[in-house]
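One structure below.
Sequential numbering from 1 along the given sequence is applied to the chain's residues.
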Amino acid sequence: MKNKMKSKMRNYRFKIKFCLVFVSLATVFSCADLEEDPSEVLLAPTALNSEAALSALNTGMYNRLVNGSTGVARTSFHIAAFGGDDITTHSGSNKIGFRESDWRRQTPNSSFNTTYRACYGVITIANTAIDARDNIEGNQQAIDRLIGEAFFMRAFCYLTLTRTYGRVPIQIESNSNAQLSRGSFEEIYAQIESDFQQAELLLPDVYPNVPAVGARPSKGAASAMLSRLYMHWAGFPLNDTSRYAMAASKAKEVIDNAALYGYALSPDFRSMFTVGGRFAHDEGVFTMVFCNTCDRRAPNRLTGRLGLTAEAGGWEETFGEIAFFEDFESAATEDGTLQRFNDTYILEQIPRGSNPIGAEWRNFADPHPIFRKIVGDFDEGVLNTTTSDMNYYFMRYAEVLLNYAEASGRSGNVTADAWAALNAVRSRAGATVDLTAADGAIEELAFTERKWEFAGEFQRWYDLVRMDRVVEAFANRSPDEIVDTANSTTPATDGEFLYFNPIPQSELDVAPQLNN
């Protein structure tokens, strides 16, 4: 695949390699290749006229996402999430981009443009598929499913872009030379809504012939993503609170049809973040599944060394924040959910050959808690590598349940089902007593619950933004947070990029209208 410049705006047109393989899910991501290849040809919508060609095009779309979000670029795709109070990074070395996001002191000169380029790469391919839909011949049911995926992926990427950069340009036509300006939040959200609604109409209840629920999107995944969209629409910056009722309604649709879609909470929280347990549950709503051992390697590169301290041979890229860890431990001890806390962090000795590393993270040279979710299971040999077959979850069914509970409360329509949704997540976490109205407002209880449930999964930041609680969270940062003190700085409390990352300078250089 290769980027081409058109006029003064970078338009992402990609050469699509047709992987001549009809594959199970394990290899659907195995054709990843970002290197230029003179044998590749530029595929115009008019040339896309068969079901087989459309299927190959969609494979390229997934390749683009997996390479950008979990592949060769590793954590850079998730750089905005370092602003959350759950995740931090090393105080020195080559982690400056992550620290800038951690402090919300970024500038357009930041070199991290992975999210922008990866998402617009996916969007370009999706546009090609959608624009060609009337030209394609073959099994109509299969064609609808593939076009539904294109709508889903386009919506997912625009939702990712606006959660990361705020106002972004909307490009929904293939091969367009238009010099686009940033859309408004209303326009962007409306486009995302329309695309997910189209996906709902076209996608099946269960995607056929894949070994893991959520590995390819279904109608349920589109509805679940709409609930996420409405949660953001209801919050900062638009604060259209009427959308909370819509978020609750969409989440409830998914919950009521969970058996049809195949969704369920995993009975074993920890195993979801292992290689051995990746197909042993039905919690993934939208999941990246990997094949590190295929002929064309497509591993999850967010794991192993990236989350380990130097003493354990790690790259020290993704650590836990101290205050969050301490608050989590205190809350888990009080409410009986210590099992989830223990499943989230590594508290035991870390094996390293014949010299295990001590269990006390406070004794490390860069003292920070270590996420088990990121490092993985010691017994699976992931400690000394940055590649694994662990799933990455863009969305889990637990979020649908918590969206329903929180949105029900914020819309003023609290039901017994909303409490049941909240308590189902807590019960899986180890709680033995259900929460009731006597414990507080369900919306705040659910908001806090998702804080603990998704710790270390690159989700917390976006909750802080939509509820406009960024500065409040920063105020709770531990005075022992070496990332700050070693660099004589503190997180920002205002400024242009407090809530959203700047559009990369490389994009502004070719599209200066995006400065406005």
Main-chain N/O of A405 paired with E443 side-chain donor or acceptor, under 3.5 Å | no
Aromatic ring centroids of Y392 and H78 under 6.0 Å?
-> yes
Please confirm whether the backbone N or O of L514 pairs with a side-chain atom of R182, one donor and one acceptor, at under 3.5 Å?
-> yes
Qualifying ring pair (Phe, Tyr, Trp, His ring centres under 6.0 Å) pairs, either residue in residues 194-231, two or more places apart | F152-F196
Given F458 and Y393, is the ring-ring contact (aromatic ring centres under 6.0 Å, His included) satisfied, shown in steps?
-> CA-CA 10 Å; F458 306 113; Y393 305 100; over 10 Å; no
D131 side chain to S174 main-chain N or O, any donor-acceptor pair under 3.5 Å?
-> yes
Check: F394 and T287 side chains under 4.5 Å, non-hydrogen atoms | no
Under 6.0 Å between the ring centres of F82 and F98?
-> yes
salt_bridge(E253, K219) N-O dist < 4.0 Å | no
Any chance the rings of Y499 and H232 have centres within less than 6.0 Å?
-> no
Minimum side-chain heavy-atom gap N516-S181 below 4.5 Å | no
N-O pairing of E100 and K95 below 4.0 Å = no
S194 side-chain N/O to A190 backbone N/O, donor-acceptor pair under 3.5 Å = no
Is R163 close enough and on-axis enough to Y462, meaning under 6.0 Å and within 45°, for cation-pi?
-> yes
Can the ring centres of F77 and Y116 be said to be less than 6.0 Å apart?
-> no
Is there a donor-acceptor contact under 3.5 Å from the side chain of E399 to the main chain of R396?
-> no
Tell me, do L65 and M153 make a side-chain contact under 4.5 Å, heavy atoms counted?
-> yes
Non-hydrogen side-chain atoms of E193 and Q198 separated by less than 4.5 Å = no
Side-chain heavy-atom pair L401, L265 within 4.5 angstrom cut-off = yes
Should D343 and R372 count as an ion pair when the cut-off is N to O under 4.0 Å?
-> no
Return yes if some donor-acceptor pair links the side-chain N/O of R278 with the main-chain N/O of M390 below 3.5 Å, else return no.
-> no
Does the distance from a Lys or Arg side-chain N to an Asp or Glu carboxylate O, for R154 and D195, drop under 4.0 Å?
-> yes
ring-ring contact (aromatic ring centres under 6.0 Å, His included) with F500: of F185, Y165, W461, only one passes, and it is F185
Looking at side-chain heavy atoms only, is the closest gap between T303 and V375 below 4.5 Å?
-> no
Any salt bridge between D240 and R243, counting N to O under 4.0 Å?
-> yes
Is it true that E453 and R428 have a side-chain N and a carboxylate O under 4.0 angstrom from each other?
-> yes
